[in-house]
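See structure below.
Numbering of ligands and ligand atoms starts at 1, following listing order. Side chains are part of it too, since the values below use all heavy atoms of this structure and drop only hydrogens, waters and symmetry mates.
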Amino acid sequence: MAENEKTQLLSMNPQELGEALRAMGQPAFRAKQLFSWLHQGVPFEQMSNLPRTLREQLRQTCEDNPVRVLETITSKLDGTVKLLYALPDGHVIEGVLMRYKYGNTLCLSTQVGCRMGCAFCASTLDGCARSLTPGEMLGQIICANGVLAAQAREGERSAVGNIVLMGSGEPFDNYDNVVKFLRILRMEGGLCIGMRSVSLSTCGLVPQMLRFADEELPVTLSLSLHAPNDEVRRQLMPVARSYAMDDVLAACRHYIEKTGRRVIFEYALVHGVNAAPEQAVELAARLRGMQCHVNLIPLNSVPERGLRGVSEREVEAFKQALERQHISVTRRREMGDDIEGACGQLRRRYLGQQTHADAHTEG
Ligand code: SAH
């Protein structure tokens, strides 16, 4: 429990770190040193340019990285790494590290679980336990950098270069922490990852989308659309009852105008629900004239919800129907198929085992 009460330094920007250090009687220049060490994932003991007494004081009262790797599973097919992390209060989250030719992409969680209730999504099955702090988001990247460094060959430099906020949680349901995370993420002396290397995926919380367009954080916005109209969207996504598709698309247009960046529409194909070629034509009509791209995701079946994915032929037919309407479209590459790459699956298996083990000790 004492762990919980420790100050979470990784959630602080350099100015806040400076104030925390001043309260400990330290000079201002130490903030920059500490900030840099923290983001390199160096434990307090090894922060060699800090006085020994300060290092000890920090170790006792503060947390360097609130996130700890519990388990990693590496795909034999493509080197994708599935990570299971523990948080200071015992919650468990997961992430995926994807190795592409052009660099390493990490999929981050923004909440423990999710409360958006999308019918096809495993992350939301148990609701949302809590939102993550900025430090817990940064901490996932620092952990992944540690995994990469351990796997790197002699002399090879390897770190996370791209971030996708597509793990569990709805980033805009944790707005302030996500915005603070992004501001710290791009800072020099820290992880220094620019907004062009970040994709943020949202189920379409319109007020936050409009507000975010003014933050001057020009990330790639991914919008989980999954339907050609409100009726189908409401079947899959409870959030569609709060915001009409027209308003969601208007918010996307606003984002495109403000940032000059195209929006990506995520579309998971669900058998018998949203995957008919006529629905592709309807979708194209809604998106006409927008600077956008459609990313087709073959559904990872969620047996708990009775939803089925589509065949390869259906994906291709839907894709071609969009292409005929001159909509830019790709099919999402599946990675880590052998290691439960999809959102929420590994965590659910882990929690399932825990409950099982608990039942055994009790019995
Ligand atoms: N809450 C955000 C972030 C989640 S991102 C959002 O809704 O966008 C994860 C992406 O994977 C979203 O597009 C989500 O709709 C999609 N997804 C979730 N479960 C899926 C499944 N079983 N099969 C395919 N895509 C899924």
Response to the item:
Gly167 heavy atoms within 4.0 Å reach ligand 1 at atoms 4 (C)
Worksheet item: Are Asn104 and Arg99 close enough that a side-chain donor and a side-chain acceptor fall under 3.5 Å?
Response: yes
Discussion item. So if I count the atoms of ligand 1 from 1 in the order they appear, which ones are less than 4.0 Å from some heavy atom of His226?
Written reply: 13 (O), 14 (C), 15 (O)
Worksheet item: What atoms of ligand 1 come within less than 4.0 Å of a heavy atom belonging to Cys203?
Response: 6 (C), 7 (O), 8 (O)
Worksheet item: Side chains of Ser11 and Gln8: is there a donor and an acceptor less than 3.5 Å apart?
Response: yes
Worksheet item: When you check the side-chain N and O atoms of Gln60 and Glu56, is any donor under 3.5 Å from an acceptor?
Response: yes
Worksheet, complete the sentence: For Gly169, the atoms of ligand 1 under 4.0 Å from one of its heavy atoms are 1 (N), 2 (C), 3 (C)
Practice prompt. Please determine if Arg211 and Asp176 form a salt bridge, counting it only when a charged side-chain N lies under 4.0 Å from a carboxylate O.
Written response: yes
Discussion item. With respect to Glu170, determine whether any N or O atom, backbone or side chain, lies less than 3.5 Å from an N or O atom of ligand 1.
Written reply: yes
Item to complete: Taking only heavy atoms of Glu266 into account, list the atoms of ligand 1 that are under 4.0 Å away from them.
Response: 13 (O)
Worksheet item: Under a 4.0 Å heavy-atom limit, does Leu223 contact ligand 1 with its side chain, its backbone, both, or neither?
Response: neither
Worksheet entry | Close-contact set for ligand 1 against Met166 heavy atoms, below 4.0 Å | 5 (S), 9 (C)
Worksheet item: Can you list the ligand 1 atoms lying under 4.0 Å from a non-hydrogen atom of Cys121?
Response: 18 (C), 19 (N)
Response to the item:
Residues passing the side chain to side chain donor-acceptor pair (under 3.5 Å) test with Glu316, sequence neighbours excluded, are Gln320
Discussion item. In terms of relative ring orientation, are Tyr255 and Phe212 parallel, tilted or perpendicular, with 30° and 60° separating the classes?
Written reply: parallel
Worksheet entry | Qualifying residues under side chain to side chain contact (heavy atoms under 4.5 Å, CB included), relative to Gln33, sequence neighbours excluded | Phe29, Arg30, Asn49, Leu50
Discussion item. Taking distance alone, with N or O pairs closer than 3.5 Å, would you say Ile297 contacts ligand 1?
Written reply: no
